[in-house]
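Single-structure report; data block below.
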Amino acid sequence: MQQDTGPRTGWKVVEATLDDIRLAFEAGDISCRELVQTYLDRIEALDRGGPAINSIISVNPKAIEDADELEAARAASGPKGPLHGVPVILKDQIDVAGMATTMGSVLFKDYFPDRDAFVVERLREAGAIILAKATLGEMGGGDTHGSLFGSTRNPYALARTVGGSSGGTAAAITANLGLVGIGQEGFASIRRPSAWNSIVGMRPTAGLVSRGGVYSGWPGVQGVLGPMTRTVTDAAALLDVIAGYDPEDPLTAMGVGRLGETFVSRLDAGALAGARIGVMRESMGFGSEPDTEDFAQVSAVFDRAVAELEEAGAVLVDPITIPDVRELLAKRAGGPYTKPAWDAYFERSARPPYASREEMLASPDFPLVRNKRMASIGPWDVTAHHEDLMAREKLMFNLLKTMADHELDAIVHKSVEHQPTLIEEATAPGFVGMRGATHLNTFTTYVPAMSVPAGFTADSLPVGMTFLGRPYCDGAIIGFAYSYEQATRHRRPPDLGL
């Protein structure tokens with residue numbers, strides 16, 4: 001089996017960045033085919049065999065062919081775009097023509113959409129190669145367990161969960177099974193697995209990235225696609241490619257005119273110098289248990305991270321309090337979007353797997369589904385939805401007023417308030433896998449948030465810190481996250497023996 005070096009030099013793929021790949025291509029140290037094959041070999045060795053991380057549902061059967069075409073194009077006319085030859089891993093609720101969109105469920109194991117999602121079109125135009133599709137919380141919610149694949153294992157501690165629902169993407173990127181990845185966050189589905197896998201994960205402001213061709217999109221507004229990478233630089237470059245207006249997703253009309261300069265241009269190692277950063281210490285995680293040793297271990301890492309912010313030149317306002325934050329978050333409820341979102345997603349396909357959600361629920365495979373809550377959301381509660389909307393609006397004003405009163409440029413908080421859960425605990429009755437997930441940004445919807453590696457607990461488990469900002473201030477958040485990353489360099493890959 002080919003190891004993690006190119007065939008002509010000692011160039012290594014482990015922890016490679018977009019810039020590393022570009023320079024290696026330009027120098028002739030590695031070809032597109034060789035890069036793709038190296039990642040495919042790692043998937044075989046680490047995901048299928050060895051530690052059996054179990055983060056990949058399917059590999060693109062045309063990945064090598066696509067690589068050869070891109071190699072020929074480079075020779076003829078130069079790079080196709082900024083992601084030329086870059087192997088990308090996608091959460092398996094994003095459509096890729098020629099590959100199944102399974103959503104991790106036996107219900108959709110044979111569903112092959114006939115069109116690419118909008119973000120996939122953008123990726124291909126930029127020269128990227130769709131390498132594989134990753135495991136996820138079944139039907140796009142919860143922890144990374146599904147009736148089609150079982151459970152995904154955390155590369156840092158194989159008995160523990162990777163988080164969710166974009167857990168497979170996080171595990172694959174941290175294990176260097178692909179160069180960059182894309183997940184979707186509607187609760188804490190990008191940042192929680194990113195924190196628990198020591199990678200960078202961003203949920204941009206709603207309206208910057210289209211959900212066209214992605215399950216559980218429009219007319220819902222809280223679920224947003226975002227980059228999952230090993231560095232902030234790569235996240236910014238990936239976001240530059242996938243952001244943009246898509247008529248198929250009206251939410252992206254909110255982002256028109258707001259992009260301005262590139263996200264890469266906001267990368268500034270000195271961005272924290274003089275920045276006013278509010279430190280949120282009040283527990284607000286889902287099902288958090290502040291009196292436990294597990295919670296205390298994460299708090300100790302966060303305390304060190306806050307000190308590092310000050311060392312980097314930030315002016316701290318510590319602590320800050322957002323009025324009624326826990327009470328308002330507790331009002332979160334489902335909306336009337338399940339059926340119309342289902343219709344909007346499957347109506348773009350000439351061969352939908354089911355004629356209706358009701359037909360899916362009647363499928364003989366339905367008893368096998370592990371995440372029946374996501375598959376069969378009950379009737380819409382009008383009263384609960386009204387309270388949700390009122391609480392969301394009040395929380396947004398409370399958040400922005402807090403930032404204005406303290407003249408804050410950003411807020412930081414723990415990405416997750418607990419360590420990764422043991423798989424046996426997350427899959428047994430009680431289902432504690434979501435414990436500690438923070439979802440302030442997704443409840444307020446139009447708030448960008450980026451999780452950055454902040455270090456490791458005494459148990460050697462990863463912790464992330466989230467930078468959160470005002471609506472459509474994504475560039476500023478990227479700048480602060482990059483400044484912290486460059487000052488600390490907490491990211492380290494798991495020891496997988498390859």
Side-chain angles (χ1 to χ4, degrees), residues 118-119 122 182-191 200-212 214 217-228 232-233 235-268 271-272 275-278 280 322 389 392-413 438-452 466-484:
F118 178 85
V119 294
R122 282 293 184 99
I182 295 178
Q184 185 188 42
E185 176 163 309
F187 191 82
S189 298
I190 288 176
R191 293 171 304 102
V200 174
M202 183 177 191
R203 189 254 191 198
T205 301
L208 292 189
V209 181
S210 169
R211 290 88 45 84
V214 180
W218 179 260
V221 296
Q222 290 171 319
V224 176
L225 273 66
M228 302 178 74
V232 176
T233 301
L238 189 55
L239 186 57
D240 275 329
V241 168
I242 63 175
Y245 174 64
D246 174 17
E248 189 177 348
D249 183 0
L251 183 61
T252 57
M254 295 287 291
V256 171
R258 298 181 186 268
L259 292 178
E261 58 190 332
T262 66
F263 295 111
V264 168
S265 71
R266 300 301 299 270
L267 299 169
D268 176 8
L272 283 172
R276 290 180 61 83
I277 306 295
M280 190 168 180
I322 300 172
L389 293 177
R392 188 190 312 175
E393 181 177 70
K394 184 175 181 180
L395 184 55
M396 175 65 95
F397 283 119
N398 287 358
L399 166 63
L400 294 181
K401 186 176 185 301
T402 298
M403 294 188 72
D405 288 345
H406 294 289
E407 300 179 331
L408 300 178
D409 297 301
I411 289 172
V412 293
H413 62 77
T438 56
H439 59 111
L440 173 62
N441 66 312
T442 55
F443 189 38
T444 48
T445 305
Y446 298 98
V447 174
M450 175 175 265
S451 179
V452 184
T466 287
F467 288 82
L468 179 148
R470 293 180 176 84
Y472 299 101
C473 288
D474 300 65
I477 293 303
I478 286 171
F480 297 140
Y482 177 75
S483 182
Y484 176 76

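In what follows, every heavy atom counts, from backbone to side chain, and hydrogens, waters and symmetry copies are set aside. One is the number of the first residue; the rest follow in order along the sequence.
Of all non-hydrogen atoms in M202 and P448, the two that sit nearest each other are CE-CB, 4.3 Å. Across every non-hydrogen atom of G226 and I190, the tightest pair is N-CD1, 3.5 Å. Considering every non-hydrogen atom in both L267 and A236, the closest pair reads CD2-CB, 4.2 Å. Residues D240 and F263 share a closest heavy-atom pair of OD1-N, 2.8 Å. Heavy-atom minimum distance, T402 versus I322: OG1-CA, 3.9 Å. Closest of all the heavy-atom pairs between M450 and A481 is SD-CB, 3.3 Å.
The line from CG of L239 to CG of L225 is 10.5 Å long, rounded to the nearest 0.5 Å. From L259, atom CG reaches atom OH of Y245 across 13.5 Å, with rounding to the nearest 0.5 Å. Atom OG1 of T438 and atom CZ of F443 lie 14.5 Å apart (nearest 0.5 Å). For the atom pair N398 CG and E393 CD, the distance stands at 10.5 Å (nearest 0.5 Å). To the nearest 0.5 Å, the span separating CG on L251 from CZ on R211 amounts to 4.5 Å. One distance of note links CD1 of I477 with CZ of R203; it measures 13.0 Å at 0.5 Å rounding.
Side-chain contact between T233 and V264: absent, with no pair of heavy atoms (C-beta onward) separated by less than 4.5 Å. Between D409 and F480, the closest side-chain pair of non-hydrogen atoms falls below 4.5 Å. Contact of the M254 side chain with the Y472 side chain is registered, since non-hydrogen atoms from C-beta on lie closer than 4.5 Å. Using a 4.5 Å cut-off on side-chain heavy atoms (C-beta onward), V209 and I182 make no contact. For the pair P471 and T444, the minimum side-chain heavy-atom distance is 4.5 Å or more. A 4.5 Å side-chain heavy-atom check between T445 and M396 finds every atom pair outside the cut-off. Counting heavy atoms from C-beta outward, N441 and E185 have side chains that approach closer than 4.5 Å. No side-chain heavy atom of L440 sits less than 4.5 Å from a side-chain heavy atom of I411.
Below 30°, between 30° and 60°, or above 60°: for F467 and Y484 the angle between ring planes is between 30° and 60°, a tilted geometry.
Side chain of S483 to main chain of L272: a donor-acceptor pair is present (N/O by atom type, distance under 3.5 Å, no hydrogens or angles). No side-chain donor-acceptor contact under 3.5 Å links R191 to the backbone of S451. At distances below 3.5 Å, not a single donor-acceptor pair connects side-chain atoms of T466 with backbone N or O atoms of A449.
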Start with the C-alpha gap between R392 and Q222, add the side-chain angles, then the distance that decides, and say whether side-chain contact (heavy atoms from CB on, under 4.5 Å) holds. CA-CA 11 Å; R392 188 190 312 175; Q222 290 171 319; 3.6 Å; yes
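Using a 3.5 Å distance cut-off with no hydrogens or angles, the side chains of T205 and D474 do pair a donor with an acceptor.
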